Amino acid sequence: MIAEALFADDGEANAARLDWLIRDLDDFLNRAGARPRLVFALCVAVLSLFAPLWIGRFTTLSDLPLAERSRALHKAEGGLLGPPALAAKAILCILWFEHPDVDREERAR
């Protein structure tokens with residue numbers, strides 16, 4: 001839900017790449033240990049519950065449409081939810097840009 005909102009291009013995220021990211025994230029967190037897994041899970045839980053409030057919605061982040069999810073995360077990142085948003089975003093971005101297609105995409109530009 002967070003990764004899709006971060007990496008959607010033109011209103012849609014690459015489903016195969018998101019699947020790859022989730023598998024890579026799972027592997028990364030399993031190797032990192034219990035504490036990093038807990039911290040990441042807490043960041044996601046906090047964002048899921050409280051980010052929608054920044055756009056006036058009383059629901060969870062996963063229940064929002066993609067555009068509203070992106071807006072909620074962006075707004076939350078600039079407020080009190082900045083630290084958990086930055087932590088989750090940093091891990092996801094590091095893994096996202098490790099994908100083998102990134103090099104090919106950059107060369108094509």
Side-chain angles (χ1 to χ4, degrees):
M1 104 191 107
I2 293 172
E4 183 182 24
L6 289 175
F7 304 119
D9 289 329
D10 300 323
E12 189 174 311
N14 180 322
R17 184 124 167 227
L18 283 173
D19 288 342
W20 176 89
L21 175 65
I22 298 306
R23 285 190 310 274
D24 201 36
L25 175 65
D26 187 50
D27 180 58
F28 175 81
L29 291 174
N30 283 331
R31 292 172 191 265
R35 188 172 183 180
R37 271 195 314 272
L38 177 63
V39 169
F40 185 79
L42 287 173
C43 290
V44 170
V46 165
L47 290 171
S48 179
L49 295 173
F50 298 109
L53 297 175
W54 261 250
I55 61 167
R57 299 291 303 270
F58 297 98
T59 187
T60 62
L61 196 60
S62 61
D63 289 336
L64 292 175
L66 181 58
E68 288 186 27
R69 243 183 293 152
S70 295
R71 191 166 61 97
L73 287 170
H74 180 74
K75 290 252 188 186
E77 190 175 345
L80 293 174
L81 294 180
L86 180 60
K89 187 175 179 179
I91 291 171
L92 291 169
C93 284
I94 289 167
L95 297 175
W96 180 263
F97 290 108
E98 284 182 346
H99 192 276
D101 288 348
V102 170
D103 192 40
R104 284 186 287 260
E105 290 167 0
E106 288 301 314
R107 285 189 213 158
R109 288 183 184 183

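These numbers come from a predicted model, not from an experiment. Sequence positions, counted from 1, serve as the residue numbers for this chain.
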For this session: Start with the C-alpha gap between Arg31 and Asp27, add the side-chain angles, then the distance that decides, and say whether salt bridge (Lys or Arg N to Asp or Glu O under 4.0 Å) holds.
Result: CA-CA 6 Å; Arg31 292 172 191 265; Asp27 180 58; 2.9 Å; yes
Exercise. What distance separates Ile91 CD1 from Leu29 CG, expressed to the nearest 0.5 Å?
Worked result: 6.0 Å
For this session: Determine which pairs satisfy salt bridge (Lys or Arg N to Asp or Glu O under 4.0 Å) with at least one residue from residues 43-55, sequence neighbours left out, and list them in order.
Result: none
For this session: Output all residues satisfying side chain to side chain contact (heavy atoms under 4.5 Å, CB included) with Asp24, sequence neighbours left out; order by chain, then residue number.
Result: Trp20, Leu95, Glu98
Problem set entry | Qualifying salt bridge (Lys or Arg N to Asp or Glu O under 4.0 Å) pairs with a residue from residues 39-54, counting only residues at least two apart or across chains | none
Exercise. Mind checking what makes ring-ring contact (aromatic ring centres under 6.0 Å, His included) contact with Phe40, not counting sequence neighbours?
Worked result: none
Problem set entry | Pairs flagged by salt bridge (Lys or Arg N to Asp or Glu O under 4.0 Å) wherever residues 39-48 is involved - sequence neighbours left out | none
Exercise. Side-chain contact, heavy-atom cut-off 4.5 Å: Arg17 with Leu21?
Worked result: no
Exercise. What residues, two or more places apart in sequence or in another chain, satisfy side chain to side chain contact (heavy atoms under 4.5 Å, CB included) together with Ala87?
Worked result: Cys43
Seminar exercise, completed: Hits for side chain to side chain contact (heavy atoms under 4.5 Å, CB included) against Ala45, two or more places apart or cross-chain, chain-then-number order -> none
For this session: Indicate yes or no: at least one non-hydrogen side-chain atom of Trp96 is less than 4.5 angstrom from one of Leu18.
Result: yes
Exercise. Parallel, tilted or perpendicular: which describes the rings of Phe97 and Phe7, with under 30° parallel and over 60° perpendicular?
Worked result: perpendicular
Exercise. Within the distance-only criterion (no hydrogens, no angle test), does the side chain of Asn30 pair as donor or acceptor with the backbone N or O of Asp26 below 3.5 angstrom?
Worked result: yes
Problem set entry | Sub-4.5 Å side-chain heavy-atom contact between Val44 and Met1 | yes
Exercise. Can you pull the ring pair (Phe, Tyr, Trp, His ring centres under 6.0 Å) pairs that have at least one residue in residues 64-90, sequence neighbours excluded?
Worked result: none
Exercise. Cluster partners of Leu38, using ILVMFWY side-chain heavy atoms under 4.5 angstrom, listed by chain and number?
Worked result: Leu42
Problem set entry | Least distance between heavy atoms, Ala76 atom then Ala51 atom | CB-CB, 4.0 Å
Problem set entry | side-chain hydrogen bond (donor to acceptor under 3.5 Å, both in side chains): pairs with one or both residues in residues 38-47, sequence neighbours excluded | none
Seminar exercise, completed: In short, side-chain hydrogen bond (donor to acceptor under 3.5 Å, both in side chains) pairs touching residues 34-57 with sequence neighbours left out are Arg57-Glu68
Problem set entry | With sequence neighbours excluded, residues passing salt bridge (charged side-chain N to carboxylate O under 4.0 Å, His left out) with Lys89 | Glu77
